[in-house]
Asker: 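One structure coming up, written as C-alpha cells, with questions to follow.
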Amino acid sequence: MDDDLFLNISTDTSSVVSKKTNSKSTGGKWKERRKAQLSNRGINKPKKENISSANSTAVTKKAPLEKKPEDSTSKDNQVIKSKHLYPAENRKKRPADDENEARGPNKQSRLVEGKGVPGKNNTFVSSLFTSNSEVTARDYDNEMEVHAPSNAPLADSTTFSGLGMNEIINKQLTEHMKLTNPTKIQRSVLPRLLTRERDLFVQAQTGSGKTLAFVLPIFQKLMEVESLNRTTGIFALILAPTRELATQIYSVLETLTRCCHRIVPGIVIGGEKKKSEKARLRKGVNILVATPGRLADHIENTERLDLSNVRFVVLDEGDKLMELGFEETITKIVKDIDSTSRISTTTKLYPTLPKRRINVLCSATIKGNAKKLGEISLVDAEIITASSVPDVEDLEIIENVAAPDQLLQQVCVTPPKLRLVTLASILKNIVKVQTEGSRTMIFLSCSDSVDFHFQAFSKDGKKLNKATNEFDEESDQQSTVLSSPLLGEGVIIYKLHGSLSQQTRTATLSSFTKAPASQHTIMFCTDVASRGLDLPYISTVIEYDPPFATEDHLHRIGRTARAGKSGRSVLFLLPTEEKYLDLIEHYHPNGVQHVSYEELLKTGFGKKWDFDATTWHLDVERWLLEDQSAHDLAARAFTSHIRAYATHLSSERDVFNVKSLHLGHLAKAFGLRETPKKLGINSGSTSSKKKKENPKDVMFRKARNAAKAQSDEFNFM
Ligand SMILES: Nc1ncnc2c1ncn2[C@@H]1O[C@H](COP(=O)(O)OP(=O)(O)OP(=O)(O)O)[C@@H](O)[C@H]1O
C-alpha cells in the first residue's frame, strides 16, 4: 500500500495487538500521555510555547514511539540547522530567494533564518520554514487499531419486516433503496413507534439512520388510514434546525411516497417564497417538514394551516434547535397544536392512528439544553439509545455520545503560518492517493473565510454547467461550483455558507450530492453544513477551524463514517490550542492519531516539500499582490476569522484566546503580507494606549458583535 495513504484500513489484528503492547502511552489524560511520549523521545516540552518549535512529530495514543533524530526544540540546534542546511554556497536556490534578491544581502540572511523581512508599505515577508527538518516515514496504516463500525446495519437476522414494517414498505426498502437490514437505532425505535403510544427521546450516533427510524413508522401508520388523501389533513409534523436538514428529510419522505402515492409530504422553510408555500399548504399535505421560525410564521399568518389532526411531532437535532434559540418558538408551536387539537373527537374516524399525540425528540445528547426541550415537548418519554433492547421498557440510561468507532480521527498541530500549505498538501495527497475519486468537507469559522479559501483553491477555475455536467470555457468567480486547476484535472470545489441565498445553497448541495463518485469534490463550508446532512461518500472531513461548540465537532466529523462506512477526519489546531483535545477526548474513546504537519506536507508536496510548499505559498501571495479584489477578499477573510475567533465560548477562553494568536503568522496563512496593524487588527496588546472602555460597554459591544456574527454566519431559518 502506498506510504502516503493515511486511511487506516489494516485488518491484521496480530500486528495491532503487538503495536498495542509496544505502546507506552495509553490511559490517563492525553496531556500526560503526550508528555510521557515526548520525554521517551528525549524531547522536553519548552516552558513557553515557541511557535517554531511546534514542529513536533506525531504522537499517537497507540502508536509505536519513534526517536526523533534531533531535538528540534533546542534554540541552539535551530541556529546550527539553519546554518548547516542552507549553506549559502551549495544550497539549491529556494523560492524565497527571489524575494531575497530584491532586498539586498543584509536582509537575505534574515529570510533564510525564517525571521522574515519588512517589505514596502507595512508589508512583511516572512519565510515559511525555519529549517528543513528530516521527516521520518511512519506506518500509518498499522499504528491505529481498526474498529468494527458502530453505526452499520445489523449483520444478524433482524429484518425490517421482522420489526413490523409492512410488505410494501419492506419491498421499497430492500428492492429500491437497497437497505436490507435495519441499524441498531432502527431496531429499537421502529417497533416502539408502531405498537406503543409513548413519547420517545432518541439518542444515537451520527450516521446511524435516525431519519428512517422515525419516518418509517409514521409513514406506515398513515398508510393504514384508508380514507387518507392530501385533503384529509396534516398528521405529522417534523421540525429541523436547518433548511438543508429539513430539505433532506423531505426528500427521504418523497422517496417513500413512491410506494404509496396517497401520502403527500410538504415543506416550509425560510428563504423560500412564502406565497408558494401557502399555495402548497392550501392544496393540502399529510406530513409537514419545517424549520421552527417559518412554521411559527405560517401559524400566525396562513389561515389554511390546520394542525388540529397532528398525531406525531418529531423534533430532529433537538440540542441544535435549542442552541439556535428556538425554545420559545417551539413552546409556542406545541401550545398551539395542543390548543387546536381535535384528536379526541376524531379517534373513531382514524382508529389505526394513536389516540394521543406521540412526540419524538432526537438529539445527540440527552443532557443540558436537550433535556430542557424534552421537558417542553415530551410527556413521560422513554429514552432510546442504540443499545436499547426492543422489548425492554425500563433501561439503564447511558449517555453514549461518541464518534463512530470506525472513524479515524487525526489531529495536526500546525503553526499558524503553515496552515494554508498544510491544507493544500492534504488536498493534493487525497487527489493523488484516492484514485477512484473522493469527497472532502472542510469546515471553516466564517463565510468570508469560506469565500477566500474557495477562491484560492479554484483560482482560474471553470464554472460547472449543471445541465451538461461539463465545465464552461469561462471562469466565473460568482459561481459556487468551480474546477480547481491548482489541485488537478477533474477536481471540483464547492462552497456553502449561510450568507448565500437559499436557492444557491440548495443548488450547490444538490450538485455536490449528485457529483459522480469517481470525481474529486471538495466543499468549503461553515457549520451550516455540520448538522444532519447525509452527503454520500464523504471520505474525509477537515476541521480547518475548530467549531464554536464542542458538540459541533461530533456533528462535523459525523458527515463521514456513516452507516458503517469508513471515514477519516483531520482536526487542525494551533500550538496554543492543544488543550482542546481535553474537551473532545470523551468523543474518541478509541484515541486519536497525532500527525505532524511536516509529514502531511511531505505527503502532498513530495520530497522537496519545503521548497515546493514555499513556491506554492508564494504563488498565493503573488496572486493577492496582483489582484486587488483577491487581496480585499483575503483581508476580509482574515479580519472576520479573528472576529469569529473572539466569539468562542468564555468557558473555552483558555484554549481559544484571541490574545494568544500570532496575528502576523495567521495573516500569512491568508496569503497576506500586511502587518495585522495595517489590516486594522490588534491583539489587544496596544489597547492600553486607548481610553479604557467601561466593562459594561465592553460586554454590550461583544454581545452585539456576537449577535451580528451569528446572524451573518448561521442564517439557518
Ligand atoms: N438500515 C440501513 N441500512 C443501510 N443504510 C442505512 C440504513 N438506514 C439508514 N441508512 C443510511 O444511512 C445514512 C445516514 O442516515 P441518517 O441521515 O438518517 O443518519 P442520522 O443518524 O440521522 O445521522 P446524523 O445524526 O448525522 O443526522 C443515510 O445515507 C441512510 O440512507
Side-chain angles (χ1 to χ4, degrees), residues 30-31 34 38 45-59 72-73 114 116 126 128-130 409-426 442-446 449 452-453 541-550 552-553 556-557 569-585 592-601 613 617 634 637-672 676 679 681-685:
W30 73 268
K31 263 193 301 180
R34 183 163 165 76
L38 288 172
K45 211 170 176 197
K47 269 184 192 150
K48 206 174 167 204
E49 201 70 61
N50 177 347
I51 286 174
S52 66
S53 75
N55 306 2
S56 57
T57 50
V59 181
S72 66
T73 59
S126 70
L128 281 182
F129 301 101
T130 51
Q409 176 68 56
Q410 298 183 320
V411 177
C412 180
V413 178
T414 316
K417 66 176 167 181
L418 293 177
R419 277 164 53 81
L420 190 62
V421 276
T422 308
L423 177 64
S425 184
I426 295 177
I442 304 170
F443 285 96
L444 296 112
S445 63
C446 57
S449 188
F452 166 70
H453 288 90
V541 167
I542 300 175
E543 291 187 276
Y544 191 56
D545 299 322
F548 295 101
T550 44
D552 284 334
H553 164 68
R556 285 166 160 201
I557 62 176
S569 151
V570 187
L571 170 66
F572 273 69
L573 290 177
L574 293 172
T576 49
E577 296 169 348
E578 279 195 73
K579 274 193 210 154
Y580 185 63
L581 292 175
D582 279 347
L583 304 179
I584 57 164
E585 194 180 32
V592 299
Q593 186 178 53
H594 287 260
V595 192
S596 87
Y597 65 85
E598 290 156 312
E599 284 160 325
L600 289 177
L601 283 167
H617 204 277
F638 172 65
T639 45
S640 297
H641 174 77
I642 303 298
R643 276 194 207 119
Y645 198 92
T647 65
H648 272 285
L649 295 177
S650 55
S651 56
E652 294 173 6
R653 205 44 58 75
D654 57 331
V655 180
F656 302 109
N657 188 340
V658 78
K659 287 185 183 169
S660 66
L661 290 179
H662 191 308
L663 295 179
H665 284 189
L666 208 50
K668 177 110 178 152
F670 287 83
L672 293 163
L679 292 162
I681 296 256
N682 72 56
S683 63
S685 53

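Every value quoted in this text rests on a predicted model; they were computed, and no experiment measured them.
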Asker: Exactly one of Val592, Ile426, Ile542, Val570 should register a side-chain contact (heavy atoms from CB on, under 4.5 Å) with Gln410. Which one does?
Answerer: Val570
Asker: Taking the side chain as every heavy atom from C-beta outward, state whether Phe656 and Leu661 have any atom pair closer than 4.5 Å.
Answerer: no
Asker: What residues, two or more places apart in sequence or in another chain, satisfy salt bridge (Lys or Arg N to Asp or Glu O under 4.0 Å) together with Glu543?
Answerer: Arg556
Asker: Listed by chain and number, what are the side chain to side chain donor-acceptor pair (under 3.5 Å) partners of Tyr645, not counting sequence neighbours?
Answerer: Glu577
Asker: Return the set of residues passing side chain to side chain contact (heavy atoms under 4.5 Å, CB included) with Thr422 (not counting sequence neighbours), or none when no residue passes.
Answerer: Cys412, Thr414, Leu418, Phe572, Tyr597, Leu600, Leu601
Asker: Of all the heavy-atom pairs spanning Ala644 and Cys446, show the shortest one and how long it is.
Answerer: CB-CB, 4.4 Å
Asker: Leu574 vs Arg419, test: side chain to side chain contact (heavy atoms under 4.5 Å, CB included). Steps then yes/no.
Answerer: CA-CA 9 Å; Leu574 293 172; Arg419 277 164 53 81; 3.8 Å; yes
Asker: Under the ring pair (Phe, Tyr, Trp, His ring centres under 6.0 Å) test, which residues partner His641, sequence neighbours left out?
Answerer: Phe670
Asker: How long is the span from the CZ atom in Arg653 to the NZ atom in Lys659, to the nearest 0.5 Å?
Answerer: 9.5 Å
Asker: Is the shortest heavy-atom distance from the side chain of Phe548 to the side chain of Thr647 under 4.5 Å?
Answerer: yes
Asker: Looking at every heavy atom in both His553 and Pro547, which two are closest together, and how far apart are they?
Answerer: N-CG, 3.6 Å
Asker: Applying side chain to side chain contact (heavy atoms under 4.5 Å, CB included), name anything that partners Asp654, two or more places apart in sequence or on another chain.
Answerer: Lys579
Asker: Give me the one residue out of Val655, Leu573, Ile584 that meets side-chain contact (heavy atoms from CB on, under 4.5 Å) with Pro546.
Answerer: Leu573
Asker: Holding to side chain to side chain donor-acceptor pair (under 3.5 Å), I want the full list of residues that pass it with Glu652, two or more places apart in sequence or in another chain.
Answerer: none
Asker: Applying side chain to side chain donor-acceptor pair (under 3.5 Å), can you list everything that pairs with Ser569, at least two apart in sequence or on another chain?
Answerer: Gln409
Asker: To the nearest 0.5 Å, what is the distance between NE2 (His594) and CG (Leu571)?
Answerer: 9.5 Å
Asker: Would you check if Leu666 and Ile642 make a side-chain contact, meaning some heavy-atom pair closer than 4.5 Å?
Answerer: yes
Asker: Passes side chain to side chain contact (heavy atoms under 4.5 Å, CB included), His453 versus Ile442? Steps please.
Answerer: CA-CA 10 Å; His453 288 90; Ile442 304 170; over 6 Å; no
Asker: Closer than 3.5 angstrom, by distance alone: can the side chain of Asp545 be matched with the main-chain N or O of Ser445 as a donor-acceptor pair?
Answerer: yes
Asker: How about Val411 and Gln593: do any of their side-chain heavy atoms sit closer than 4.5 Å?
Answerer: no
Asker: Can you tell me how far apart NE2 (His665) and NZ (Lys417) are? Round to the nearest 0.5 Å.
Answerer: 4.0 Å
Asker: Quick one, Thr576 and Asn657 - any side-chain contact, counting heavy atoms below 4.5 Å?
Answerer: no
Asker: Would you say the ring centroid of Phe638 lies under 6.0 angstrom from that of Phe452?
Answerer: no
